[in-house]
Amino acid sequence: MRTPFIVGNWKMNLTLSEVNDFLKQLTDKLPDIKKVECAIAASPIFLESLTNYCKNSPLKASAENCFYKDKGAYTGEVSPYALSDMGVDYVMLGHSERRKYFNESNKSINKKVKAVLNNHMIPIICCDETMTKQKHDDHMDWVVNPVSEALKGVSVSDAKKIVIGYEPSWAIGTGKSASVNETQEACCLIRKTIDELYNDDVANQVRILYGGSVNDKNAQELMQQKDVDGVLAGTASLKPKEFLKIINYIK
Ligand code: 13P
């Protein structure tokens with residue numbers, strides 16, 4: 001059984017006082033972690049506040065990116081070793097905004113995936129149909145490449161822990177989410193890819209999330225699909241009331 005997983009991705013938003021105010025509003029309102037796991041992905045400047053809060057809460061802390069080296073002369077980069085030491089649980093990798101604005105490649109994402117796992121955190125690997133240059137007759141074949149590239153050299157035991165986000169870039173921040181059928185089709189293809197790369201035991205354990213204009217109206221139906229284990233919410237995670245509605249979808 002895969003525990004549903006809901007991640008709020010704050011991106012480059014909020015200030016420290018807004019973060020603290022947001023977290024205060026979540027207190028005692030989070031779902032039972034055995035039923036639904038929740039995380040917030042935040043900028044490194046807020047991770048100390050977030051991880052401190054998470055010590056006394058079922059909420060999990062995620063970074064939005066990191067470098068693939070633990071330490072050294074890499075000005076401006078964020079160390080996975082330091083993130084782990086701070087108590088960060090997850091690191092989002094390969095978000096389409098990172099690929100678009102910061103030239104993230106499948107190769108560098110693969111190095112980051114290994115660095116995150118080596119530091120005992122879990123990568124949330126994001127992919128969508130724009131992330132492969134391979135052309136296929138079948139329009140849904142696109143996703144095989146970014147997933148298999150990201151997981152190159154990752155062991156079976158590590159692969160079981162990872163989370164994959166299907167985030168069509170055309171749905172991000174546009175207010176137009178993928179349909180329920182499109183989402184299920186893509187998440188099913190991702191699971192099949194994991195099965196082919198590893199085996200059905202791994203494929204059945206990996207959690208696959210949908211992201212792109214998720215809100216408190218569409219989240220529940222998307223999450224009810226067989227291969228959709230949760231959602232990644234951007235804009236809707238910036239308002240505590242809306243985020244609380246999404247994460248408390250089980251009455
Ligand atoms: P929006 O929910 O704003 O579309 O952003 C989605 C996203 O990028 C989650 O990682």
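Note that the numbering runs from 1 along the sequence shown for the chain. Start at 1 and go down the list; that is how both ligands and their atoms are numbered.
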**Student:** Polar-atom distance check: His95 versus ligand 1, any N or O pair below 3.5 Å?
**Tutor:**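 Yes, since at least one N or O of His95 sits under 3.5 Å from an N or O of ligand 1.
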
**Student:** Can you name the closest pair of heavy atoms from Leu222 and Thr183 and give their distance?
**Tutor:**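 In this case the closest contact between Leu222 and Thr183 is CD2-OG1, 3.5 Å.
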
**Student:** Of all the atoms in ligand 1, which lie at a distance below 4.0 Å from a heavy atom belonging to Ala171?
**Tutor:**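 Result: 4 (O).
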
**Student:** Within a distance under 4.0 Å of any heavy atom of Thr235, pick out the atoms of ligand 1 and give their elements.
**Tutor:**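 Numbered from 1, ligand 1 contributes 1 (P), 2 (O), 3 (O).
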
**Student:** Parallel, tilted or perpendicular: which describes the rings of Phe22 and Trp10, with under 30° parallel and over 60° perpendicular?
**Tutor:**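 Phe22 vs Trp10 ring planes: perpendicular.
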
**Student:** Which protein heavy atom lies closest to atom 10 (O) of ligand 1, and at what distance to 0.1 Å?
**Tutor:**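 Going by distance alone, atom 10 (O) of ligand 1 is nearest to Glu167 OE2, 2.7 Å.
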
**Student:** Restricting to non-hydrogen atoms, name the atom on Asn204 and the atom on Arg2 that form the minimum distance, rounded to 0.1 Å.
**Tutor:**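 Closest approach of Asn204 to Arg2: O-NH1, 3.0 Å.
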
**Student:** May I ask you to say whether Lys239 pairs ionically with Asp216, meaning some side-chain N is under 4.0 Å from a carboxylate O?
**Tutor:**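 The answer is no: the pair does not qualify as a salt bridge.
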
**Student:** Mind checking whether Ala236 contacts ligand 1 via backbone (N, CA, C, O), side chain (CB onward), both or neither, at a 4.0 Å heavy-atom cut-off?
**Tutor:**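 Near ligand 1, Ala236 shows nothing, with every heavy atom at 4.0 Å or more.
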
**Student:** Geometry only, no angles: is Asn9 polar-contacting ligand 1 at N/O separations under 3.5 Å?
**Tutor:**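 N/O-N/O distance below 3.5 Å exists for this pair.
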
**Student:** Taking only heavy atoms of Lys11, which atoms of ligand 1 are found under 4.0 Å from at least one of them?
**Tutor:**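 Contacts of ligand 1 toward Lys11, numbered from 1: 5 (O), 6 (C), 7 (C), 8 (O).
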
**Student:** Hey, is Lys245 close enough to Glu242 for a salt bridge, meaning N to O under 4.0 Å?
**Tutor:**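 No, Lys245 and Glu242 are not salt-bridged.
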
**Student:** Which pairs count as ring-ring contact (aromatic ring centres under 6.0 Å, His included) when at least one residue sits in residues 101-120, sequence neighbours excluded?
**Tutor:**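 Pairs touching residues 101-120 that pass the test: none.
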
**Student:** Does an N or O from Met92, backbone or side chain, lie closer than 3.5 Å to an N or O of ligand 1?
**Tutor:**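 No, since none of the N or O atoms of Met92 sits under 3.5 Å from an N or O of ligand 1.
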
**Student:** Does ligand 1 have any atom that is closer than 4.0 Å to a heavy atom of Gly234?
**Tutor:**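 Gly234: in contact with ligand 1 (<4.0 Å).
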
**Student:** For ligand 1, is Ser177 a contact, meaning one of its heavy atoms is under 4.0 Å away?
**Tutor:**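 Ser177: no contact with ligand 1 (<4.0 Å).
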
**Student:** Please tabulate, one pair per line, all N/O donor-acceptor pairs under 3.5 Å involving side-chain atoms of residues 70-78, not counting sequence neighbours.
**Tutor:**
{"unit_1": "Asp70", "atom_1": "OD1", "unit_2": "Asn119", "atom_2": "ND2", "d": "2.9"}

**Student:** By number and element, which atoms of ligand 1 are closer than 4.0 Å to a non-hydrogen atom of Gly173?
**Tutor:**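 Listed by number with element: 1 (P), 3 (O), 4 (O).
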
